[in-house]
Amino acid sequence: MTDIRELRKVVDRFRSQERKADAAVNLVPSENKLSPLAQLPLSTDYYNRYFFNDALDPGFWQFRGGQEVAEIETDLARGQLRELARAPHVNERPISGLSAMMMAMAGLGGEPGGTVVSIDAASGGHYATADLARRLGFASATVPVARGRVDEERLGQVLRERAPELVYLDLQNSRHELEVSRVADLIKTYSPRTLLHVDCSHTMGLILGSALGNPLDAGADTMGGSTHKSFPGPHKGVLFTRNPELHQRLKDAQFTMLSSHHFAETLALGLAAAEFRHFGQAYAEQVIGNARLFSKLLAADGFDVAADENGHATSTHQVWVKIGDAERTDRFSESLYDHGIRVNVQVDLPGLPGPVLRLGVNELTFIGGREAAVHALAEEFGNARAGVRRDGAGSRRVREQCGPPFYFADIS
Ligand SMILES: Cc1ncc(COP(=O)(O)O)c(C=O)c1O
């Protein structure tokens, strides 16, 4: 049995790794950081509590632990998210992007046997979507995407031949903004009963910060996804719509697919959203500017940065860099890690077989990384490749170039 001394060692390990994490530069595009304000609820008693009475019905306090702060979810979180998405209906209950995906599909996919169309994973769609559709009893069809544009011929054919219940656009790996309005037009033309959902898990912060277009403005019926990738919030999910009937369908699905919605994280989401309204647009624009600058600097230094023929490398937070075979990529990743710089290796990015660094500058931007920090970061990549300045201080040099964070640093 593990005794208390062993557990103390575990605590010590946590503490020392926390110090390292605090000093690190994290470039994983699916991750971000919680601000001190948004982190507050996670160490409160609300972490232990259920909260079901989201209608604030005075006769329905079966679980009372969340009663005193209920409005932080029902008013603050919903209100702020509504404003950010410009959508009167929000469901803040999913616990992650995949949880939101399940609810959206179950709520909008219609009767078993109907067809759900998603993006071919080989062209950037999420790996789970098609299989999830089948597990929920739907038939699945996929359409490829290139440079953010859905293959219109293939989509037109699927719409005409199968009249799907739902087109679920789940672009995960993309350097391009997803073009939604053409998809909405095709649906209107060929299968007007089909619903359109955009899962913008990766680009949520860029959309809510208005640096990328809002899918609801482009004709999507619903949208949603994770709140912890380009959006600097807790590990949660969210669903938005402007249509009350669809909101109810999502709510009905949520009711039977989720019981604990992680109350403390939901409060954190409310605070993160309230803070984001102060700086969201500046942050989102800076993320894209930083990603472009980083691509440019790396390419100028001879790195193999994924780009279109016209040199355009990215319009999102993602930057893709090919280092070489698996061994070289792994060595490079480890060398950066030894310097406190954490990168993400993927092996299935569209059009790039083999291991590739899928980098995101969202978290670096959130903590205050602007042009100077991006220059320092590109320099550290060069150092790692050349094997020079191997003093373990790479992340410190980058962080020294950071300015004030976007979040409220002083919450005392
Ligand atoms: C489009 C899309 N949907 C769902 C998910 C899963 O999100 P989570 O990891 O929050 O469950 C992702 C993750 O990358 C995604 O890109």
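We count ligands from 1, going down the list as the structure has it; atoms in each ligand are counted the same way. Nothing here was measured: the structure is a model prediction, and the numbers come from that model.
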Let me check something: any side-chain donor-acceptor pairs from residues 16-28 under 3.5 Å, sequence neighbours excluded? List them with distances.
{"residue": "Ser16", "atom": "OG", "partner": "Arg13", "partner atom": "O", "Å": "3.4"}
{"residue": "Asn26", "atom": "ND2", "partner": "Glu31", "partner atom": "OE1", "Å": "3.1"}
{"residue": "Asn26", "atom": "ND2", "partner": "Glu363", "partner atom": "OE1", "Å": "2.8"}

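- Within 4.0 Å of ligand 1, protein heavy atoms come from Ser96, Gly97, Leu98, Met101, His126, Asp170, Leu171, Gln172, Asp199, Ser201, His202, Ser226, His228, Lys229.
- Applying the side-chain hydrogen bond (donor to acceptor under 3.5 Å, both in side chains) test to pairs two or more places apart or on separate chains, those with a residue in residues 60-74 are Arg64-Gln67, Glu73-Arg93, Glu73-His261.
- Counting heavy atoms from C-beta on, the side chains of Phe240 and Leu216 come closer than 4.5 Å.
- Annotation: Phe408 is not in aromatic contact with Phe279 [ring centroid separation under 6.0 Å not met].
- Remark: the Asp199 side chain and the Ser201 side chain contain an N/O donor-acceptor pair separated by less than 3.5 Å.
- Every residue two or more places apart in sequence or in another chain was checked for a side chain to side chain donor-acceptor pair (under 3.5 Å) with Asp221, and none qualifies.
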